[in-house]
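Here the structure is a predicted model, which means the values were calculated and not measured. Lettering of chains follows the sequences in order, A, B, ..., and the numbering in each one begins at 1.
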2 protein chains.
Amino acid sequence: MEKSECNKKLLDVATQLFSERGLHGVSIRELSQAAGASISMISYHFGGKEGLYSAVLQRQFACFAEIHEIRERVSDPVEMVESYLRWTFRRHRDNPYLLRFYTSELTNPTAFFSTLVMPVIDEVIVIMAKAIEEGQRQGRFREDVDPTNAALALAGMVNYFFLSSLATENLISHSPERDEDLVQQYLKIFTSGVGAK
Amino acid sequence: MEKSECNKKLLDVATQLFSERGLHGVSIRELSQAAGASISMISYHFGGKEGLYSAVLQRQFACFAEIHEIRERVSDPVEMVESYLRWTFRRHRDNPYLLRFYTSELTNPTAFFSTLVMPVIDEVIVIMAKAIEEGQRQGRFREDVDPTNAALALAGMVNYFFLSSLATENLISHSPERDEDLVQQYLKIFTSGVGAK
DNA sequence: TTCGCCCGAACGATCGTTCGATAACGACAG
DNA sequence: CTGTCGTTATCGAACGATCGTTCGGGCGAA
């Protein structure tokens with residue numbers, strides 16, 4: 001039998017509201033009303049408000065597993081950096097709520113941080129650090145920077161663009177049409193820096 | 001007459017608790033109990049829970065004004081980048097709660113975001129973008145990157161190090177003794193990139 | 001009839017705020 | 001010096017509102 005629509009509708013609505021105001025900022029009454037469902041449906045389908053939140057979190061962070069496919073497909077270190085940048089842009093574009101849960105959990109971790117969030121973040125950082133380390137072994141990357149730190153710097157550059165968008169929307173265009181241009185700019189900065197040759 | 005200690009104690013306790021769990025995650029009962037004060041003191045001194053939160057926010061973001069002194073003291077673009085990096089490291093070290101309010105407001109903005117948070121963030125980005133632009137005019141920085149975007153990339157690199165610390169604490173050392181080393185690494189990456197020459 | 005799915009009233013707990021009482025203290029008049 | 005008054009800081013009980021959960025029942029398909 002098909003699992004009813006109520007379930008999916010609740011997940012969708014909860015994704016938006018939780019991302020906007022956090023776990024404690026939304027009540028189950030507002031949640032269920034926005035989903036056109038009854039209050040008790042949240043406890044019925046998800047075992048309570050926290051259960052719904054964890055279901056949202058799981059669906060949000062599922063996409064991070066894609067990094068493994070990228071790593072399998074791409075072997076060249078520089079190309080790996082470019083793929084990571086493009087993948088991250090697309091990830092945020094496809095899912096405008098992701099970054100809110102991402103940083104919300106990093107700064108105000110809930111009970112699900114250590115089981116649902118931290119593992120997938122670490123996986124990405126470790127994989128990128130390994131790619132950079134391989135680049136160093138190949139003589140393509142300078143060896144006087146720590147690979148993990150370089151991976152963090154890369155992730156920071158691109159994620160911060162979306163993180164700061166609420167504050168900088170009148171300073172810089174956040175239109176998706178600029179994405180590929182930005183990918184190239186970040187790639188340039190990361191590999192060659194902003195210094196004139 | 002001296003303003004009582006109750007006021008200051010409430011501010012200190014609220015800073016920690018709000019940073020850990022957000023505006024909606026803490027009750028005034030827990031707040032006042034942790035401060036050793038009565039429940040009614042919050043409404044009495046700050047006009048309510050939100051008033052206390054805004055007082056905390058104001059005190060947190062006051063330090064961003066220091067960027068103006070730095071800009072007055074430093075004229076060389078590269079030196080300005082280095083000063084920004086060192087200043088940001090010290091800012092986060094001196095105040096471990098700052099980044100939580102910073103990102104919490106960026107992802108789950110409260111009513112005070114547009115008046116207390118956004119203006120100071122924009123100021124820093126604009127000042128750094130101008131410094132980078134000047135570096136381009138001097139021929140020290142390449143001209144094919146957008147100054148504002150470069151400023152965002154710089155801010156992203158260093159802020160993300162602290163933002164991700166909860167997830168990456170067993171991947172990389174976050175000891176303050178490494179700070180100067182990290183400043184130099186970020187400076188290197190930003191000005192020269194990770195590419196081998 | 002049975003079994004998922006769903007409803008909404010009801011419950012106890014907790015929320016933020018308000019209010020009357022109290023104590024300490026300086027100013028001032030007698 | 002002393003008694004009174006107004007101000008300020010603090011308390012805790014009480015209030016109405018809202019919180020998340022539970023529960024008895026209704027509905028439709030098997």
Next on the checklist: Please report the distance, rounded to the nearest Å, between CD in E50(A) and C1' in dG20(D).
Outcome noted: 11 Å
Checklist outcome for this item: Whole-Å distance, Q33(A) CD to dC6(C) P, equals 18 Å
Checklist entry - Will you find, in the side chains of T88(B) and R91(B), an N or O donor that is under 3.5 Å from an N or O acceptor? => result yes
Next on the checklist: In this structure, how many angstroms lie between the C1' atom of dT17(C) and the CZ atom of F46(B), rounded?
Outcome noted: 16 Å
Checklist entry - In whole angstroms, how far is the C1' atom of dA13(C) from the NE2 atom of H24(A)? => result 16 Å
Checklist entry - Which class fits the ring pair F64(A) and Y102(A): parallel under 30°, tilted 30 to 60°, perpendicular over 60°? => result parallel
Checklist entry - So, is S27(B) close to the dC15(C) phosphate, meaning a side-chain N or O under 4.0 Å from OP1 or OP2? => result yes
Next on the checklist: Heavy atoms only, 4.0 Å cut-off, all strands: where does I39(A) land among base, sugar-phosphate and nothing?
Outcome noted: base
Next on the checklist: How many whole angstroms separate atom CG of L52(B) from atom P of dG16(C)?
Outcome noted: 11 Å
Checklist entry - When the distance from NZ of K8(B) to C1' of dT10(D) is rounded to whole Å, what number comes out? => result 19 Å
Checklist entry - Roughly, in whole Å, what's the span from CD in E30(A) to C1' in dG20(D)? => result 14 Å
Checklist entry - Roughly how many Å is it from CZ in R21(B) to C1' in dT14(C), rounded to a whole number? => result 15 Å
Checklist entry - For the side chain of M41(B), counting heavy atoms from C-beta on, which of dC11(D), dG16(C), dC5(C) is nearest? => result dC11(D)
Checklist entry - In Å, rounded to the nearest 0.5 Å, how long is the span from CG of D94(A) to CH2 of W87(A)? => result 12.0 Å
Next on the checklist: Counting only side-chain nitrogens and oxygens, does H45(B) get under 4.0 Å of the OP1 or OP2 atom of dT10(D)?
Outcome noted: yes
Checklist entry - Base, sugar-phosphate, or nothing: which does S40(B) touch, judged by heavy atoms less than 4.0 Å apart? => result base
Item to check | Closest nucleotide among dT21(D), dT18(C), dT10(D) to the R29(A) side chain | outcome: dT21(D)
Item to check | Gap between atom NE2 of H92(A) and atom CG of N159(A) - 0.5 Å precision | outcome: 4.0 Å
Next on the checklist: For a quick check of understanding: with a heavy-atom distance under 4.0 Å over all strands, which category does G36(B) fall into, base, sugar-phosphate or nothing?
Outcome noted: sugar-phosphate
Checklist entry - If only atom types and distance count, is the side chain of R100(B) paired as donor or acceptor with the main-chain N or O of F18(B) below 3.5 Å? => result no
Next on the checklist: Tell me whether the side-chain N/O atoms of Y44(B) come closer than 4.0 Å to OP1 or OP2 in dA9(D).
Outcome noted: yes
